[in-house]
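What follows is a single structure, written as structure tokens, with notes after it.
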Amino acid sequence: MQYPSKLLLKLSLIFFGLLFLLCVWLGRKQAELETPEGEKISVGDVRILMEALGVDCLADADSSANLTYAQYIALYGQLQGASFAMPDYADSYGKDHEMLKSDWYAAYRLMLAYLDEDSSIWETTVFVLQINTDTREAYTENGSMQGAWQYCSASFEENEFQELKVYVQGNKLLTIIEVLPEEHYLGNVWVMESTDGVLECFYRQACFTAALSSKVGERQLPERENIVDLTFYDGQIVKVKEKSNKVHGKLLRAGEGELEIEGCGVYKIADNMEIYKLYGSLETLTKNDLKIGYADTDFVIAKDTVCACLVSRDEAADVIRVLLKNTAENSNYHQEVELSVDGETIRIKEKDLEIGERRVYQSAYLTDKVQVYLSDAPKEDNAYRGSIECYRTGSGMVVINELPLEEYLYGVVPSEMPASYPAEALQAQAVCARTYGYRYILHAGIPELGAHVDDTTAYQVYHNCAENVATTQAVRETDGVLLTCQGEPAANYYYSTSCGVGTDAQVWTSGGDGDISYIQAVRLNESLLGQASADGAWEDVEALREEETFRQFISTVWEEDLEQAEPWYRWTYRVEEIDQAAMLKRIQERYQAAPESVLTRTQAGNYASQPVERLGAIQEIAVASRGAGGVAEELLITAEEGTYKIIAEYNIRYVLCDRESEAVRQDGTAVIPQSLLPSGFFVIEAGKSDENVLGYTLIGGGYGHGVGMSQNGARALAQKGVSYEQILGIFFQGCALSQIETIGSTGGL
């Protein structure tokens, strides 16, 4: 019994002896390791990267010092690095050795895979144009990382004009992984100054100063105030290509890939075309900022291509170009047009013009007009101020009326508001119409055809009614007045009639006008005049989001409401029997136009945008969500073949309008809507049989989208002595009135 114990003791002594010898050998080997050569990683950068992972480490270490192997091993132990194969580098470093940057980043990539579950940290490549040490911002020029970004590592301050591989988290540049030995090209840079081998430049909102390398020399020093291509390497400019060929003229149109310049011809647009505003504060603009119909820009040409646009002066935006539509065919193009100018009749057919040919007609007298007869849809007023331009495109002939903005309003205001309305209402409408047109002069709505707007409800109705003394006087009395927000022309929508409340711009999902929070839901009743409303009138418009609250509201005529006597204040719409095929077609049409607004319930229970192939018998139809003021925001249709959610009031009005049923106004008169319900303010009563919906009745109110100024609300306010300034202040809270030439220096309404 003693023998096995002795054997076990001997074996144990041998094992521990060998282990001791191994440790001695390893210790000697560690002591013999050479100091690794190469770029080291700083403690500060390590701390930045670990904090991004939510790991607290190296709290007492000097940020400016380099990371040691001993510190790395301590972190290795803290993270239990062996569990995810994090390298221990025992064969490469002594405990006092400093870690190589390459080894650290190899380990960090494994940490990301194990610890960054949300993939919040990623690698990308940037080129640093400018460093602002005061704000700790690096202005970078690379794809999605273009612009000013907060940087964390001080190493960015040493690497201007370098191509860098970096780590990014959110809106922060964390650290530099590697300085890449690559050239970087910047095309179409604006050179502000050029002296002593140094260029002061502006490019995509960043000013920077860069030196020419000795290889470039003075022979390639470009002229100041010029466009150049630059190539950088190792922090210096190594190549310069100057571009000095320019043309100048009125910009007639801006298509997808070309610009047409009066007197110069048609030029292709370079993929990297830059646009610079050179007056006032230096800025980089977008193609949408080029003013159609104006000659305020020099165009820099290289190989018959526009590579840069230099907007060199601030021309008054007082001329508008209106596309006259072929309304009969809902087309931009005409087969024929007849004009009468100073007693001469001219008939122009599409085939009479060569593609690209323009003909402009204008009276010799400023007070005379051009008579325009479009064969598709005769108008009440055919006499147009300004000039008429006929232009042949590859798709057909377009007709454009170019005229002063103020004179354009003479044809808009009576077409958008009856001339019999009170003067203050007409003046409010004139300011809205002027602001609307002015916004499109600055950013053309139809640049590919050389027009700012067209003459239909897609923009503002123009020349649908004859000019009128009262409306013209309203335009003149508000001459040059715009509605502005923070110094910029405001998005000033308007509609016909409210149901007693308006809504905000959240009814639309496109977001094309940016922040228009100044358009709020407004309760349009006597309270606006400082008079108390009766109990139960729901002064809190947010309460109308609740279905039952809104149902009671819309089912009642409120005597205190400003528009309660208007025919469209309340209406009903009854569909006796749903045509399932026709409704499916309307849903499909809205999906084609706005896929994100037609959603299908998936097997997982969520909603996704996907084509709607079938509908089948409809089992439920209801408003699922309401916006401010109670406007229908989401419509839920449960059918045999699926459940579908229609989003936004326009799409809902489109889907529920069958083009056959009558909308009956509160005065008993009726009309058949051709494409949209009168408004999105309604409740649904579904008629069912055997669990299926046969038809539905809508109880609704108001006419139009309900956003911005109610025109009949403005009339009611004006009749009660409210000024046009106060009317606009009610509908556009926080906005101001400004003269066109003094935008930015305004007071509040």
Side-chain angles (χ1 to χ4, degrees), residues 413 416-433 435 470-471 474 477-478 481 483 485 490 492-505 517-544 549-550 552-570 628-631 666-667 679 681 701-737 747-749:
V413 177
E416 289 284 4
M417 178 177 278
S420 59
Y421 277 27
E424 297 293 336
L426 294 174
Q427 289 169 27
Q429 181 66 49
V431 173
C432 286
T435 306
T471 53
E477 289 181 354
T478 61
V481 177
L483 188 70
C485 180
N492 56 327
Y493 303 103
Y494 50 88
Y495 61 101
S496 171
T497 308
S498 83
C499 63
V501 66
T503 187
D504 57 30
S517 57
Y518 48 83
I519 300 179
Q520 298 291 326
V522 178
R523 185 74 175 89
L524 296 171
N525 61 13
E526 300 287 351
S527 65
L528 293 173
L529 305 173
Q531 302 175 25
S533 298
D535 291 340
W538 288 296
E539 295 307 308
D540 179 9
V541 295
E542 288 299 309
L544 297 177
T549 302
F550 182 76
Q552 187 175 356
F553 171 79
I554 203 67
S555 301
T556 304
V557 173
W558 302 95
E559 294 301 324
E560 300 87 356
D561 285 356
L562 297 176
E563 296 161 270
Q564 56 85 18
E566 294 292 334
W568 280 116
Y569 172 76
R570 291 289 181 265
V631 67
Q666 68 174 3
D667 64 355
S679 80
F681 295 86
Y703 191 88
H705 48 65
V707 180
M709 185 181 76
S710 166
Q711 293 169 308
N712 280 319
R715 176 176 69 166
L717 289 167
Q719 287 172 337
K720 294 179 180 296
V722 179
S723 70
Y724 87 86
E725 295 95 337
Q726 292 171 318
I727 291 171
L728 293 172
I730 287 169
F731 291 108
F732 304 98
Q733 299 174 18
C735 289
L737 293 180
L749 284 171

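Note that the structure is a prediction, hence the values are computed from the model and not measured.
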Can you give me the closest heavy-atom contact between I519 and G708, atom names plus distance?
CG2-N, 3.6 Å
Under the criterion side-chain contact (heavy atoms from CB on, under 4.5 Å), I'd like the reasoning laid out for I727 against M709: C-alpha separation, chi angles, the key distance, then a yes or no.
CA-CA 8 Å; I727 291 171; M709 185 181 76; 4.2 Å; yes
Please examine the side chains of V541 and T503, heavy atoms only from C-beta on, and report whether any two atoms are closer than 4.5 Å.
no
Heavy-atom side-chain contact between L737 and L483 under 4.5 Å:
yes
Exam field: side chain R570 to backbone T556, donor-acceptor pair closer than 3.5 Å:
yes
Report yes or no: does E563 contribute a side-chain atom to a donor-acceptor pair with the main-chain N or O of C499 at less than 3.5 Å?
no
Between F681 and G630 the two heavy atoms that sit nearest each other are CD2-C, 4.2 Å
Check the angle between the aromatic planes of Y703 and W568 and answer parallel, tilted or perpendicular using the 30° and 60° thresholds.
tilted
Taking all heavy atoms of Q520 and all of D504, pick out the closest pair and write down the distance.
CA-CB, 4.2 Å
Table please: side-chain donor-acceptor pairs of residues 420-428 below 3.5 Å, with sequence neighbours left out.
unit_1, atom_1, unit_2, atom_2, d
Y421, OH, N712, OD1, 2.4
E424, OE1, Y724, N, 2.7
Q427, NE2, E477, OE1, 2.7

In terms of side-chain geometry, is the basic nitrogen of D540 or R523 positioned less than 4.0 Å from the acidic oxygen of its partner?
no
Test Q429 against every option in R715, Q711, E416 by the side chain to side chain donor-acceptor pair (under 3.5 Å) rule and name the one that passes.
Q711
So which heavy atom on G701 is nearest to which on I554, and how close?
N-CD1, 3.7 Å
What is the distance from atom OG of S527 to atom CD of E560, rounded to the nearest 0.5 Å?
9.5 Å
Mark yes or no for whether T549, through its side chain, and L544, through its backbone, hold a donor-acceptor pair below 3.5 Å.
no
Contact check, side chains of L562 and K720, non-hydrogen atoms, under 4.5 Å
yes
Quick check: closest heavy atoms across V501 and Y495, and the distance to 0.1 Å?
O-OH, 4.4 Å
Less than 4.5 Å apart, side chain to side chain, heavy atoms only: is that true for F731 and L717?
yes
Answer yes or no: is there a side-chain heavy-atom contact under 4.5 Å between S679 and V631?
no
Nearest heavy-atom pair of Q726 and V722: which atoms, and what distance?
CB-CG1, 3.4 Å
Does T478 reach the main-chain N or O of A474 with its side chain, forming a donor-acceptor pair under 3.5 Å?
yes
Test side-chain contact (heavy atoms from CB on, under 4.5 Å) on C485 and F732; report intermediate values, then the result.
CA-CA 9 Å; C485 180; F732 304 98; over 6 Å; no
Side chains of Y569 and W558, heavy atoms from C-beta outward: is any pair under 4.5 Å?
yes
